[in-house]
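Okay, so here's the structure we're looking at.
To find a chain, count down the sequence lines: A is the first, B the second, and so on, and within it residues start at 1.
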Number of protein chains: 2
Amino acid sequence: MAQKSVLRYIILGLLAQQDLAGCDIKKMFEGELGDFWHSNHSQIYPELRKMETDGLIEYHTVLVGKKQEKKVYTLTAAGEELVSDWLHKPLNPLLPTRDEFTMKLFLLNDRESPLVRKLFREEIARHEEKCLYLQNRWQLLFHNEAEQAQHYGHACILKHAIEREQDRLKWLKTEYASLTQ
Amino acid sequence: MAQKSVLRYIILGLLAQQDLAGCDIKKMFEGELGDFWHSNHSQIYPELRKMETDGLIEYHTVLVGKKQEKKVYTLTAAGEELVSDWLHKPLNPLLPTRDEFTMKLFLLNDRESPLVRKLFREEIARHEEKCLYLQNRWQLLFHNEAEQAQHYGHACILKHAIEREQDRLKWLKTEYASLTQ
DNA sequence: TTTGGCATGTAAGCCGTTACATGATTTA
DNA sequence: TAAATCATGTAACGGCTTACATGCCAAA
């Protein structure tokens, strides 16, 4: 119940590209994937266990140093099938945005309130920060076209995220300007 | 833990505008608010109880028919203060999008795959549907300017939601076109 | 040799969904 | 009078976060 375990499919999808240990998955959520999805290690490790119990993945241990072991997981045939099924399945219905700015604006509901102007300034600031951050990542990862072609999906969603931030900023600034005149 | 209870603040914010019973709040989530936030009645009623225990709200019973009672809640001074604090508090950091389309695109990662084209078509379809729905709601609620002025916050976020859908559709169609050429 | 990071794991507790449940009321 | 809706509630359970915890390793 609650929300369907999308995390399971994402881990399977990552493992379909390459074998990974729990900490590798953790690092992906902290790095390249972090703008789009996130999970803590305290959720990742139990999920890996469950998936192994369910026969979707297997692991072999690899030594780090002389004693420390890491478990590197590989998809089984059943796991490959499940992730393929998920990728073929239609997208679920769109969820409500659940955005804090949106809700505050709805609740304030007063064009003249100084709080509304403050809210817009905050929202503009945090999206400008995010926009810059994403643009830096684009420069870092995809400044040459070969990289873009090789990591099509990643390049695509990053480009999209940047455009979304820019569109949002444009709207925010237009609306803010109309407030202060 | 988990997520901070934004629901609590939203209920307080709604009650700051007018007194409401649990089922009224439920109806708001099913109607005008549903595009931006949602909660089930099985979460609303216990939350109202807790808020009453915490002294944030009070209720008086109103008869519906001859026997059935509904509890109409009112903000206390403490409740007013808490919702005001929340509205004054800076916005929380932006969360990862956790969007299914985005994750599938990231995981497929192959420009030539027919699955990617299918994914784009699905995403275009569901956003076109949503866009039309929102435009109809705008027509219904805000076709005259008096309504827009009176419900500034609502009009604002609805207008914004429509623009966001349009921007997203524009991007999706451009990208899809570049895929199929 | 100490400090920070690597790699893995468990426990407590709130959030949110689905399902179960009841009595009253309106409507066809 | 039967069916749908109103109004309120409880129970079970998975998702997700925060915090607690351990042993090993590399670098300063």
Side-chain angles (χ1 to χ4, degrees), chain A residues 1-11 19-31 33-34 36-54 57 59-73 92-98 100 103, chain B residues 1-11 19-31 33-34 36-54 57 59-73 92-93 95-100 103:
Chain A
M1 321 207 170
Q3 199 160 293
K4 289 159 213 159
S5 179
V6 183
L7 175 61
R8 167 165 293 210
Y9 297 115
I10 289 172
I11 293 177
D19 292 358
L20 294 167
C23 66
D24 300 324
I25 295 169
K26 191 190 88 186
K27 277 178 225 158
M28 295 189 77
F29 283 132
E30 285 163 358
L33 251 172
F36 310 106
W37 202 278
H38 181 74
S39 269
N40 298 302
H41 77 275
S42 59
Q43 199 181 359
I44 296 167
Y45 288 112
E47 188 62 39
L48 286 168
R49 289 226 147 187
K50 274 184 270 172
M51 288 163 74
E52 202 229 329
T53 306
D54 295 349
I57 55 179
Y59 70 89
H60 64 277
T61 54
V62 170
L63 279 184
V64 181
K66 298 209 162 169
K67 284 186 183 174
Q68 193 173 195
E69 291 182 337
K70 65 191 282 185
K71 298 180 181 172
V72 177
Y73 288 91
N92 287 313
L94 287 168
L95 299 171
T97 52
R98 295 202 179 211
E100 217 186 344
M103 285 313 302
Chain B
M1 322 211 170
Q3 199 161 295
K4 287 158 215 161
S5 178
V6 184
L7 175 61
R8 167 165 295 208
Y9 297 114
I10 290 172
I11 293 177
D19 293 357
L20 295 165
C23 65
D24 300 323
I25 295 170
K26 190 190 89 186
K27 276 179 226 156
M28 294 189 78
F29 284 132
E30 284 163 358
L33 252 172
F36 310 106
W37 202 279
H38 181 74
S39 270
N40 298 303
H41 77 274
S42 59
Q43 199 181 0
I44 295 167
Y45 287 112
E47 187 62 36
L48 285 168
R49 289 228 148 187
K50 274 184 271 173
M51 289 164 74
E52 202 230 330
T53 306
D54 295 347
I57 56 179
Y59 72 88
H60 63 276
T61 54
V62 170
L63 279 182
V64 181
K66 299 210 160 165
K67 284 186 182 174
Q68 193 172 194
E69 293 182 336
K70 66 191 281 185
K71 298 179 181 175
V72 177
Y73 287 91
N92 287 312
L95 298 171
T97 52
R98 294 201 179 211
D99 176 71
E100 218 187 343
M103 285 313 303

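With hydrogens and angles disregarded, a donor-acceptor distance shorter than 3.5 Å links the side chain of B:R98 to the backbone of A:H38. Looking at A:E47, its side chain never comes within 3.5 Å of a backbone N or O of A:L7 through a donor-acceptor pair.
Whole-Å rounding puts the B:L63 CG to C:dT25 P distance at 9 Å. Remark: C1' of C:dG13 and NZ of B:K4 are 16 Å apart, rounded to the nearest angstrom. One can place OH of A:Y9 at 11 Å from P of D:dG15, the figure rounded to the nearest angstrom. Between B:K50 atom NZ and C:dC14 atom C1' there is a gap of 8 Å when expressed in whole angstrom units. Distance, B:L95 CG to D:dG15 P: 19 Å, rounded to whole Å. For the pair B:Y45 OH and C:dC15 P, the interatomic distance rounds to 19 Å; values are reported in whole Å. When the P atom of C:dG5 is taken as reference, atom NZ of A:K70 falls 17 Å away, rounded to whole Å. The NE2-P distance, from A:H41 to C:dA7, rounds to 13 Å in whole Å.
Of the two residues contacting DNA chain D, namely A:Q68 and A:W37, the nearest-nucleotide position lying further toward the 5' end is that of A:W37.
The residue B:R8 sits apart from the nucleic acid: no heavy atom pair falls under 4.0 Å. Among the heavy atoms of the strands lying under 4.0 Å from B:S42 is at least one base atom, whether or not backbone atoms are also near.
Taking the charged nitrogens against the carboxylate oxygens, A:D54 and A:R8 do have a contact shorter than 4.0 Å, which makes a salt bridge.
With hydrogens and angles ignored, no donor-acceptor pair under 3.5 angstrom links the side chain of B:Q43 to the base of C:dG16.
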